[in-house]
Amino acid sequence: GRMGVFQILFEWISSGRNIYTIGDGNVLFQFIHVDDLLNAYMLLLKKEQTGIFNVGADRFGTLREALERLVRYAGTSSRVKALPVHPTIAALRLLDFLRLSPLAPWHYLTYHTPFFVDSRPLLQLGWKPVYSNDEMLRESYEWYLAHRRSREELSHLSPHCRPVKERILWALKKMS
């Protein structure tokens, strides 16, 4: 039920707004489904294995490809548009400092760089991810569509259920 910035992404896609990458988005980007993460933990617990292990989808491509496929799946008129890296990061730093953006440094300092991990040590122990980036994004998008009204109704119960405020991004959304 915790959507974070994915809530904004899914809202924009569902309403046919353009979505943006920092840079061209043609960088490898790996997500992980919570079930795959929990399965990795359970395997390590069962094997009484300690250490540091990377966990990520084994089927992934570029961030742009994942977003474009999600838009096609959603069947909306959204388009993936690129923003120039350095001016965008400078603007987002300022907006973050002024508390006008929902994006934190982790978002705007990583979304334009390759982001993937080597899961081979975990795979060698017998773990196998079930979900690809596309499957994880589609499932999350469907969950968002099915629960967006109930999330608003339950937002007073927990801060984790509160929708993320777009803040200054609403202006970009209106122009998209």
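These numbers come from a predicted model, not from an experiment.
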**Q** For residues Phe6 and Ile22: do they belong to one hydrophobic cluster (side chain heavy atoms under 4.5 Å, members Ile, Leu, Val, Met, Phe, Trp, Tyr)?
**A**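 Same cluster.
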
**Q** Please report the interatomic distance NZ(Lys46) to CE(Met42), rounded to the nearest 0.5 Å.
**A**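 That separation rounds to 9.5 Å.
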
**Q** To the nearest 0.5 Å, tell me how far Asn26 CG sits from Leu63 CG.
**A**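 Those atoms lie 9.0 Å apart.
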
**Q** Would you check if Val117 and Ile32 make a side-chain contact, meaning some heavy-atom pair closer than 4.5 Å?
**A**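 Answer no - side chains too far apart.
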
**Q** I'd like to know if the side chain of Glu65 and the backbone of Thr62 have a donor-acceptor N/O pair within less than 3.5 Å.
**A**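 Confirmed, Glu65 side chain pairs with Thr62 backbone.
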
**Q** To the nearest 0.5 Å, how far apart are OH in Tyr131 and CG in Asn39?
**A**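 The distance works out to 9.0 Å.
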
**Q** Please report, to 0.1 Å, the donor-acceptor pairs under 3.5 Å made by any side chain of residues 71-87, with sequence neighbours excluded.
**A**
from, atom 1, to, atom 2, distance (Å)
Tyr73, OH, Glu142, OE2, 2.8
Thr76, OG1, Ile13, O, 3.0
Thr76, OG1, Ser78, N, 3.4
Thr76, OG1, Ser78, OG, 3.2
Ser77, OG, Gly16, O, 3.4
Ser78, OG, Ile13, O, 3.4
Ser78, OG, Arg17, N, 3.4
Ser78, OG, Arg17, O, 2.6

**Q** NZ/Lys47 to CH2/Trp127 distance, rounded to the nearest 0.5 angstrom?
**A**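 One gets 14.0 Å once the value is rounded to the nearest 0.5 Å.
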
**Q** Dump the intermediate steps for side chain to side chain contact (heavy atoms under 4.5 Å, CB included) on Ser140 and Phe10, then the final yes or no.
**A** CA-CA 9 Å; Ser140 296; Phe10 296 159; 3.7 Å; yes

**Q** With heavy-atom distances below 4.5 Å as the criterion, would you say the side chains of Phe60 and Leu28 are in contact?
**A**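 Side-chain contact under 4.5 Å: yes.
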
**Q** Show me the donor-acceptor pairs within less than 3.5 Å that the side chains of residues 103-112 make with the rest of the protein, sequence neighbours left out.
**A**
from, atom 1, to, atom 2, distance (Å)
His107, ND1, Ala104, N, 2.9
Tyr108, OH, Asp96, OD2, 3.1
Thr110, OG1, Trp106, O, 2.5

**Q** Do the non-hydrogen side-chain atoms of Ser101 and Leu94 ever get within less than 4.5 Å of each other?
**A**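 Of all side-chain heavy-atom pairs linking Leu94 with Ser101, none is under 4.5 Å.
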
**Q** If Ile, Leu, Val, Met, Phe, Trp and Tyr residues are connected whenever their side-chain heavy atoms lie under 4.5 Å apart, and connections chain through other members, are Leu123 and Leu37 in the same group?
**A**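 Yes.
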
**Q** Around atom CZ of Arg120, are there more than 12 heavy atoms of other residues, nucleotides or ligands at under 6.0 Å?
**A**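 Atom CZ in Arg120 is not crowded, with 12 or fewer foreign heavy atoms closer than 6.0 Å.
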
**Q** Under a 4.5 Å cut-off applied to non-hydrogen side-chain atoms, are Phe31 and Leu137 in contact?
**A**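 A side-chain contact exists here, since the closest heavy-atom pair is under 4.5 Å.
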
**Q** Should Leu70 and Asp134 count as side-chain neighbours, where that means a heavy-atom distance under 4.5 Å?
**A**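 No; the side chains remain at least 4.5 Å from each other.
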
**Q** Answer with yes or no whether the hydrophobic clustering places Val5 together with Ile89; edges join I, L, V, M, F, W, Y residues whose side-chain heavy atoms lie under 4.5 Å apart.
**A**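 Same cluster: Val5 reaches Ile89 through Ile, Leu, Val, Met, Phe, Trp or Tyr contacts under 4.5 Å.
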
**Q** Is the shortest side-chain heavy-atom distance between Thr88 and Tyr20 below 4.5 Å?
**A**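 The answer is no; the side chains never approach within 4.5 Å.
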
**Q** I'd like to know whether His33 forms a side chain to side chain donor-acceptor pair (under 3.5 Å) with Glu139, so could you lay out the CA-CA distance, the side-chain angles of the two residues, the decisive distance to 0.1 Å, and finally the verdict.
**A** CA-CA 9 Å; His33 191 285; Glu139 184 180 288; 2.6 Å; yes

**Q** Is there a continuous path of hydrophobic side-chain contacts, each under 4.5 Å between heavy atoms, that joins Tyr41 to Val130?
**A**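 No; tracing contacts between hydrophobic side chains, which count when under 4.5 Å, never links both residues.
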
**Q** Measuring from Arg69:CZ to Arg64:CZ, what's the distance to the nearest 0.5 Å?
**A**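 One finds 12.5 Å between CZ of Arg69 and CZ of Arg64.
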
**Q** Rounded to the nearest 0.5 Å, what's the gap from CD on Gln7 to OH on Tyr144? Could you check?
**A**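 So the CD of Gln7 and the OH of Tyr144 are separated by 6.0 Å.
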
**Q** Show the atom names and distances, to 0.1 Å, of all donor-acceptor pairs under 3.5 Å that link a side chain in residues 49-58 to residues at least two apart or in another chain.
**A**
from, atom 1, to, atom 2, distance (Å)
Asn54, ND2, Asp118, O, 3.3
Asp58, OD2, Lys128, NZ, 2.4

**Q** Are any of the side-chain heavy atoms of Ile19 and Leu9 separated by less than 4.5 Å?
**A**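 Contact flag for Ile19/Leu9 side chains = yes.
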
**Q** Indicate, with yes or no, if Leu67 and Trp143 share a hydrophobic cluster defined by side-chain heavy-atom contacts under 4.5 Å among Ile, Leu, Val, Met, Phe, Trp and Tyr.
**A**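 Looking at the clustering, Leu67 is in the same group as Trp143.
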
